[in-house]
Amino acid sequence: MQSHLISRRSLIKSSLFGLACSAAPAIRAAEKDEWSEAYDVVIIGSGFAGLAAAYSALENGVKSVLVLEKMNVFGGNSCINGGQISLAGSGLQKSKGIKDSPKLMEEDMLRVGQRLNHPALVKAVVKESPSCYDMMVKCGVKFADQVIRLGGHSAPRTIFAENYSGGGICVPMHNWLKERGVEFRNKSFCSAVLTDKDGVVRGVEVEGQYDFDKKTHKNTYKVQAVKGVIFATGGWGADNEFISASTPQYSTLESTSQKGATSESVRMLLGLGAMPVLLDIYQVGPWATPDEFGAGAASIFADYIFAEGIMVDARNGKRFVNELASRRERSEAEMKCVDQQGKPVMPFGFCSEKTTVNRPGFKASFREGTVKKFDTVEALAKFYGAPLEPLKQQIAEWNKMVAAGKDELFGRPLDKRVELKAPFYAMRFWPKLHYCMGGIGINDQAQVISTKTCKPIPRLYAAGEITGGVHGLDRLGSCSSTDCLAMGRIAGRSVVANL
């Protein structure tokens with residue numbers, strides 16, 4: 001489809017902004033530009049944020065939506081996560097009589113983020129969160145009949161997709177949207193944002209039949225976005241070059257991200273003049289283990305070890321942190337478990353057999369050998385090299401606190417009181433790079449903010465992990481899903497309201 005003429009446009013190529021390796025964005029004039037096609041809304045990225053944005057755009061009267069995905073498969077990191085999402089006021093939470101509120105969740109997020117969160121963004125996310133549950137149910141997402149408390153939360157508010165996988169959310173939403181006319185294209189890399197002479201975003205340039213591994217493509221075309229462009233491309237946890245330039249101390253950590261979690265989009269938007277927010281801050285996952293790739297089944301089961309078992313320092317057999325503290329607090333505590341040469345002496349966590357019954361991630365991680373069974377405390381201590389008598393003493397002390405209903409050492413909440421007794425099921429822990437805390441600056445309408453004007457860049461929106469400000473210095477467990485879905489919904493709504 002041919003568009004109206006644009007006298008001049010800005011072609012923004014990938015650039016690293018404000019970091020060690022920087023390049024100025026390329027700009028070229030075009031006297032007569034023709035669009036290959038036009039859609040009301042163009043969404044870059046097909047994970048939770050992109051899906052929610054597409055849903056919300058339709059809900060608010062948009063007629064045509066195009067979702068572009070650079071990889072062969074849709075869903076990105078959203079598809080491979082544990083299918084967890086924290087919502088204050090979900091239908092499941094209400095059905096179990098759990099007392100919670102958006103205000104309490106808001107305060108939890110601010111506290112864990114050390115109040116470097118942008119308050120308006122936090123408020124927007126928690127206010128939108130109950131609607132996220134209704135949206136997913138409408139799209140056919142099935143949830144497991146349980147609500148749990150993850151580290152740092154003041155109430156049980158985390159629910160799970162029925163199959164304990166992000167795919168259990170992505171696939172039903174993807175299918176629901178396709179049935180209603182949303183077009184999805186894989187192997188389609190957004191190589192440029194196109195603006196007019198006044199800096200208003202008018203569309204994108206796309207490299208079709210894109211091969212991520214070879215960095216090749218077969219054709220290039222331009223898509224007009226009549227109402228706006230929404231970036232929902234996620235973080236860059238698999239981009240070692242970008243991480244090494246921004247936070248070199250994390251460059252050696254393994255990442256939980258899929259290989260397509262790279263920095264092309266954030267570089268592009270920074271080159272366009274988008275506001276950077278906390279770009280050098282990353283979250284590492286304390287539930288990670290060196291014994292599986294990325295974050296697999298054991299990382300899912302780890303939440304139950306933290307909730308009902310204990311984690312101990314292999315050097316002395318003692319607990320050393322609140323197992324339900326924030327991710328940053330636990331990760332930093334784990335990384336202090338080193339020998340005199342500074343080499344890791346990995347802590348281990350363990351639970352009783354009762355904790356393994358019908359728990360997500362257990363069967364697969366036990367089958368794979370990541371979680372191991374020990375019939376006696378002697379066998380447990382020997383395998384992990386922990387001193388036997390201190391470990392026995394720690395178990396006895398913990399069982400006394402469970403019976404009393406109070407963790408006198410670290411103040412850990414005891415939602416379920418489970419006695420530690422053999423046989424034990426255990427796994428090693430060591431943090432992995434998990435989440436990009438910073439990113440592109442947005443306001444509470446998901447509009448991308450300009451460094452030049454400190455105001456929104458017209459018709460440019462972003463949602464999810466590519467943005468910064470929602471979580472501050474640290475993120476509550478499973479709130480990334482909340483952020484993506486809530487801000488995605490807000491972006492889809494705003495692209496209409498702010499036209």
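Along the sequence shown, the residues carry numbers beginning at 1. The model shown is predicted, which means the values in this text are computed figures rather than measured ones.
With ring centers used as reference points, F301 lies 6.0 Å or more from W287.
Shown here for P276 and L270, the closest heavy-atom pair between the two residues is CB-CD2, 3.8 Å. Q283 approaches R475 most closely through the heavy-atom pair NE2-O, 2.9 Å. Across all their heavy atoms, G167 and P172 have their closest contact at O-CD, 3.7 Å. For the pair D280 and S246, the tightest heavy-atom approach, listed with the atom from each and the gap, is CB-O, 3.5 Å. The heavy-atom pair separating M135 from A52 by the smallest distance is CE-CB, 3.9 Å. Nearest heavy-atom pair, A57 versus V65, reported as atom, atom and distance to 0.1 Å: CB-CG2, 4.3 Å.
In this structure, the side chains of Y39 and V223 come closer than 4.5 Å at one or more pairs of heavy atoms. By the 4.5 Å heavy-atom criterion applied to side chains, V122 and P119 are not counted as neighbours. Residues Y133 and L92 are in side-chain contact: their nearest non-hydrogen atoms beyond the backbone lie under 4.5 Å apart. Annotation: side chain of E207 is in contact with side chain of Y210 (closest heavy-atom distance under 4.5 Å). Within the 4.5 Å cutoff, no side-chain heavy atoms of E37 are placed close to those of K222. L476 has its side chain out of reach of L150: every pair of non-hydrogen atoms, C-beta onward, lies at least 4.5 Å apart. The shortest side-chain heavy-atom distance between E205 and C190 does not fall under the 4.5 Å cut-off. Using a 4.5 Å heavy-atom cutoff, the side chains of L66 and I43 are not in contact.
Judged purely by atom type and a 3.5 angstrom limit, T216 has no side-chain atom pairing as donor or acceptor with the backbone of K214. The backbone N or O of V284 lies less than 3.5 Å from no partner atom in the side chain of K432, so there is not a single donor-acceptor pair. Between the S78 side chain and the F48 main chain, a donor and an acceptor come within less than 3.5 Å of each other. For the pair N186 (side chain) and E69 (backbone), a donor-acceptor distance under 3.5 Å is absent. Checking side-chain atoms of S263 against main-chain N and O of V266 turns up no donor-acceptor pair under 3.5 Å. Formation of a donor-acceptor pair under 3.5 Å by the T467 side chain with backbone atoms of I442 is not found in this model. One N or O on the side chain of S56 and one on the backbone of R489 form a donor-acceptor pair closer than 3.5 Å. Here the side chain of E465 pairs a donor or acceptor atom with the backbone of C436 at under 3.5 angstrom. Here the side chain of S494 pairs a donor or acceptor atom with the backbone of I490 at under 3.5 angstrom. Side-chain N or O atoms of S331 include none that pairs as donor or acceptor with a backbone N or O of R328 at under 3.5 Å.
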CA sep, side-chain torsions, deciding dist, call: Q249, T247, side-chain contact (heavy atoms from CB on, under 4.5 Å): CA-CA 6 Å; Q249 57 267 42; T247 313; 3.5 Å; yes
Candidate pair V42 and I230, rule side-chain contact (heavy atoms from CB on, under 4.5 Å), full reasoning: CA-CA 6 Å; V42 176; I230 301 172; over 6 Å; no
Evaluate I466 against L269 for side-chain contact (heavy atoms from CB on, under 4.5 Å), listing each step before the verdict. CA-CA 10 Å; I466 192 174; L269 295 182; 4.0 Å; yes
Could you go step by step and tell me if K259 and D213 meet the salt bridge (charged side-chain N to carboxylate O under 4.0 Å, His left out) rule? CA-CA 9 Å; K259 67 179 182 179; D213 296 315; 3.0 Å; yes
Could you give me the CA-CA distance, side-chain angles and deciding distance for R111 and S154, then say whether side-chain contact (heavy atoms from CB on, under 4.5 Å) is met? CA-CA 11 Å; R111 171 176 44 79; S154 293; 3.8 Å; yes
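Look at K63 and D40 and you find no salt bridge, because none of the NZ, NE, NH1 or NH2 atoms lies under 4.0 Å from a carboxylate O. Between K218 and D211, no side-chain nitrogen of the basic residue sits less than 4.0 Å from a carboxylate oxygen of the acidic one, so the salt-bridge criterion is not met. By the 4.0 Å N-to-carboxylate-O rule, R267 lies close enough to E241 to be salt-bridged with it. Residues E106 and K123 are paired through a salt bridge, judged by an N-O separation under 4.0 Å between the basic side chain and the carboxylate. A salt bridge links R157 and D108; the closest N-O separation between the charged side-chain nitrogens and carboxylate oxygens is under 4.0 Å.
Side chains of H153 and R149: no donor on one and acceptor on the other come within 3.5 Å. Between the side chains of D239 and T262, no donor-acceptor pair of N or O atoms lies under 3.5 Å. Side-chain contact, S478 with S86: a donor N or O sits under 3.5 Å from an acceptor N or O. Counting only N and O atoms by type, the side chains of Q114 and D474 include no donor and acceptor under 3.5 Å apart. Of the N and O atoms on the side chains of N219 and Q209, not one donor lies less than 3.5 Å from an acceptor on the other residue. H471 and N117 are not linked by any side-chain donor-acceptor pair at a separation below 3.5 angstrom, with hydrogens and angles left out of the test.
Annotation: the span from N81 atom CG to S481 atom OG amounts to 4.5 Å, rounded to 0.5 Å. Within the model, atoms CZ of F362 and CZ of R367 stand 11.0 Å from one another, a figure rounded to the nearest 0.5 Å. Between S450 atom OG and L460 atom CG the span is 10.0 Å, to the nearest 0.5 Å. Separation of atoms CG (D134) and OG (S131) is listed at 6.0 Å; rounding is to 0.5 Å.
Stacking of R327 on the aromatic ring of Y435 is not recorded, the 6.0 Å distance cut-off and the 45° axial limit not both being met. A cation-pi contact links K215 to F212, judged by a cut-off of 6.0 Å to the six-membered ring centre and 45° from its axis.
Listed by first and then second residue, the ring pair (Phe, Tyr, Trp, His ring centres under 6.0 Å) pairs that reach into residues 65-85 are F74-H174, F74-F184, sequence neighbours excluded.
With R493 as the partner, the side-chain contact (heavy atoms from CB on, under 4.5 Å) test is satisfied by one option alone out of N498, N60, V62: N60. When the options Q93, M105, E128, M136 are evaluated for a side-chain contact (heavy atoms from CB on, under 4.5 Å) with L87, the one that passes is M136. Here the options are V470, N443, V277, V126, the test is side-chain contact (heavy atoms from CB on, under 4.5 Å), and the partner is L121; only V470 passes.
Surrounding CG of D198 are more than 12 heavy atoms belonging to other residues, nucleotides or ligands, all under 6.0 Å away.
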Could you list the donor-acceptor pairs under 3.5 angstrom formed by side chains in residues 137-147, with sequence neighbours left out?
unit_1: D145; atom_1: OD1; unit_2: K96; atom_2: NZ; d: 3.0
unit_1: Q146; atom_1: OE1; unit_2: Y304; atom_2: OH; d: 3.3
unit_1: Q146; atom_1: NE2; unit_2: Y164; atom_2: OH; d: 2.7

Would you mind writing out the side-chain donor-acceptor pairs for residues 288-295 within the sub-3.5 Å range, not counting sequence neighbours?
unit_1: T289; atom_1: OG1; unit_2: D291; atom_2: N; d: 3.2
unit_1: T289; atom_1: OG1; unit_2: R428; atom_2: O; d: 3.0
unit_1: D291; atom_1: OD1; unit_2: R428; atom_2: NH2; d: 2.7
unit_1: D291; atom_1: OD2; unit_2: R428; atom_2: NE; d: 3.2
unit_1: E292; atom_1: OE1; unit_2: A297; atom_2: N; d: 3.4
unit_1: E292; atom_1: OE1; unit_2: A298; atom_2: N; d: 3.2
unit_1: E292; atom_1: OE2; unit_2: G296; atom_2: N; d: 2.8
unit_1: E292; atom_1: OE2; unit_2: S299; atom_2: N; d: 3.1
unit_1: E292; atom_1: OE2; unit_2: S299; atom_2: OG; d: 2.9

